[in-house]
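Notes for the one structure printed next.
As a basis for the values below, the full set of heavy atoms in this structure was taken, side chains included, without hydrogen atoms, waters or symmetry mates.
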Amino acid sequence: MGLLTIGEFARACRLSPKALRLYDELGLLVPAHVDPRSGYRFYAPAQLERARLVAWLRRLGMPLARIRVVCDLPPADAARDVAAYRDRIVAETAARERLATFLVDHLSGKGTAMPDTHRTTLGIRYAARTDTGKVRTSNEDAAYAGARLLAVADGIGTPGGDRAAAAAIDALKPLEAGVPAGDLLNALRDAVADADRALHGIAASEPGADSVGTTLTAMLWAGSQLALVHIGDSRAYLLRDGELFQITHDHSYVQSLVDEGKLSPDEAASHPQRAMLLQALDGKGRARPDLSLHEARVGDRYLLCSDGLSAVVGAGPLRTALTTAGDPERVVGRLIDLAYRAGAPDNIACVVADVVEV
């Protein structure tokens, strides 16, 4: 069989010609031949399998940047990556379903509350630490770990960045007193609003600090339920059954390019604008943090960290450290050591927590 025109190929793989042109531009599905005069694209029949895989993964909702990675993996590795993506979808869908059910009953006047999971036997063991790193002379990162609250923040602005990070976490600390599972997301949202107002006060009181801000990634626990709030490029990871999942999405310019398929993750890691944020707490009332609800399991291990760790230590070494280093205190030390081996050009903040039976 000879080459297929773009129209024939589109019908065979159930992708539109417009999508095929985009995937060609992104290097995801390059035509076998392009007519030098007309610019018309032609595809080989052997490319149909890859095209169909791309179509299936898009129907699954997978971002283009991740699809490109999956398509280039050996079949067994690709299957594992798709399985990990499926597990993430299942967990997020279950959390949304529980919250939607609660809201339907609540708004219908039925008085139904989300189950109070304080009665479960889950708890956490935790450790937190910050470090200035090898290059910086001051530390604008902050970290906190308690029985119900975990948080990291990376301050922005000099002077005032360190105060901004500390103020953001201080605004969340009252939540340690305990919040019912049904109120976790609302409590976090309100506390973040308080943090943003505190930053406004810092900008007004600190000479020359009119542009202070901070990232914030925090988890609030109630039994087996945990609520996650995230804004900026600090991150949260979950190690479950030996697999490491990044459960936050960077609010950065470079990440937006990766999402659009214009950069690969490897290219993003060395991009000169990788530190440019699209969102952060800045005291101006514009912050729109991500809020999500998750179900914890015994044996889960969570890592919250600033980009002083994640920007210089890849997912592979992170997974190895989280899998083998021992209790949370030892793991935190190991992670900071890894950042130092990579040059530690920025401040480092990390929190590690293990879900255990109590």
Side-chain angles (χ1 to χ4, degrees), residues 126-145 150-169 212-219 230-239 244-255 258 263 265-277 280-281 301-353:
Y126 48 83
R129 193 183 306 176
T130 68
D131 193 283
T132 304
K134 287 184 176 182
V135 177
R136 301 292 180 90
T137 57
S138 62
N139 191 350
E140 297 183 345
D141 282 7
Y144 175 84
L150 311 172
V152 296
D154 182 355
I156 304 163
T158 302
D162 55 343
R163 291 180 61 197
I169 292 180
V212 297
T214 185
T215 71
L216 179 65
T217 299
M219 289 179 171
H230 165 70
I231 187 166
D233 62 354
S234 295
R235 292 181 177 179
Y237 294 87
L238 165 64
L239 181 73
L244 184 64
F245 307 94
Q246 182 182 331
I247 57 176
T248 54
H249 194 74
D250 293 350
H251 298 139
S252 66
Y253 171 67
V254 167
Q255 182 61 53
V258 173
L263 282 181
D266 288 342
E267 291 168 336
S270 58
H271 195 281
Q273 294 176 302
R274 60 187 178 276
M276 181 183 296
L277 297 180
L281 292 181
R301 171 167 278 179
Y302 289 90
L303 165 66
L304 278 62
C305 65
S306 65
D307 67 338
L309 177 67
S310 60
V312 296
V313 181
L318 284 181
R319 178 184 173 278
T320 299
L322 290 167
T323 303
T324 61
D327 62 47
E329 192 66 45
R330 291 184 61 192
V331 175
V332 165
R334 174 63 174 158
L335 292 171
I336 290 177
D337 287 345
L338 288 175
Y340 265 78
R341 291 183 185 181
D346 199 355
N347 304 150
I348 309 154
C350 54
V351 173
V352 172

key: Aromatic ring proximity His230/His249, centre distance under 6.0 Å   = no
Nearest heavy-atom contact between Ala321 and Arg334 is CB-CG, 3.8 Å
So does Thr130 get a backbone contact from the side chain of Asp141, meaning a donor-acceptor N/O pair under 3.5 Å? no
dist Ile156:CD1 -> Asp162:CG (nearest 0.5 Å) comes out at 13.0 Å
Output for pair (Asp307 CG, Asp233 CG), nearest 0.5 Å, gives 4.5 Å
Minimum side-chain heavy-atom gap Ile336-Cys350 below 4.5 Å | yes
Val254 versus Met276: any side-chain heavy-atom pair under 4.5 Å? no
Taking every heavy atom of Ala349 against every heavy atom of Ala143, the minimum-distance pair comes out as CB-CB, 4.3 Å
Practice item. Check step by step if side-chain contact (heavy atoms from CB on, under 4.5 Å) holds for Leu303 and Val331. Key: CA-CA 10 Å; Leu303 165 66; Val331 175; over 6 Å; no
When rounded to the nearest 0.5 Å, the distance separating OG1 of Thr248 from CG of Leu238 is 11.5 Å
Is there side-chain contact between Arg235 and Thr217, with heavy atoms separated by less than 4.5 Å?
no
The residue among Thr320, Leu322, Thr323 that forms side-chain contact (heavy atoms from CB on, under 4.5 Å) with Leu244 is Leu322
Interatomic distance, CG@Asp346 vs CD@Glu140, rounded to 0.5 Å, equals 9.0 Å
Correct closest heavy-atom pair for Ala236 and Met219 would be CB-CE, 4.1 Å
Taken to the nearest 0.5 Å, the spacing of Leu277 CG from Ser234 OG works out to 8.5 Å
Q | Min side-chain heavy-atom separation Leu318-Leu335 under 4.5 Å | A | yes
